[in-house]
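Remember, it's 1-based here, ligands and their atoms both numbered in the order they're listed.
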Amino acid sequence: MHLEEVAKRIIKNFPRNHKEKDPFKVLITTVLSQRSKDENTEIAANRLFEKYPTPQTLLKAKEEDLYELIKPAGLYRQKAKRIIEISKIIVNKFSGKVPDTLEELLTLPGVGRKTANIVLYVSFSKPALAVDTHVHRISNRLGWCKTKNPNETEFALMKLLPKDLWGPINGSMVKFGKNVCLPRNPKCDICPIYDYCKWEGKK
Ligand code: SF4
């Protein structure tokens, strides 16, 4: 099976729907999600946006005002500082709107390629390939690339996959990585792409 077909099988078996598309909420939720479990990120994001739904409202908040709200997502002091900094820049430099280019998104504090690419795809429907540890690990196990870090994987996958799969492969591979192709003890016995995995450690 061609690599593209394998990618489509992952997307079909592990569909990921993004209900929230508002660029500011997607951006801030991605910041909150760093080193946090999905369910905790969701609780923190809901609590935060109930009180501060926009960068303009967050501008008036102090870091301490956010602590209790976002505590479930962990690293709450660092994340509160970052969220307020990002809000200030969006209001003052980008007229209150989240920018829709990679270059501009990367100027925001704490926003790396993964976060920027998630915003570009989910909120602006642009072809953008976000690579986190799951996407990096699985792509290497499958033998699609031999890379040392997520950034290298992003560039390798962009050459291998057609643009229309760049966005969807991220969410689906993350789901696949959390449920089947786990970092340790992957569940190879239920893997829908077992035959196409080149990892020597597969069981
Ligand atoms: Fe991951 Fe195992 Fe499937 Fe390979 S066979 S992709 S290691 S779950």
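Put simply, the side chain of Arg9 never gets that close to the backbone of Ile193: no donor and acceptor are under 3.5 Å apart.
When all heavy atoms are compared, the tightest approach of Lys79 to Ser36 is NZ-CB, 4.2 Å. Shortest non-hydrogen contact noted between Arg113 and Leu102 is NH2-CD2, 3.7 Å.
With sequence neighbours left out, Lys114 forms a side chain to side chain donor-acceptor pair (under 3.5 Å) with no residue at all. For the ring-ring contact (aromatic ring centres under 6.0 Å, His included) test, residues two or more places apart in sequence or in another chain that qualify with Phe14 are Phe176.
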Got a list of side-chain donor-acceptor pairs under 3.5 Å for residues 194-203, not counting sequence neighbours?
unit_1	atom_1	unit_2	atom_2	d
Tyr194	OH	Lys203	O	3.2
Lys202	NZ	Tyr194	O	2.8
Lys202	NZ	Cys197	O	3.0

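Taking distances strictly below 2.8 Å, the protein N/O/S atoms close to atom 3 (Fe) of ligand 1 are Cys191 SG.
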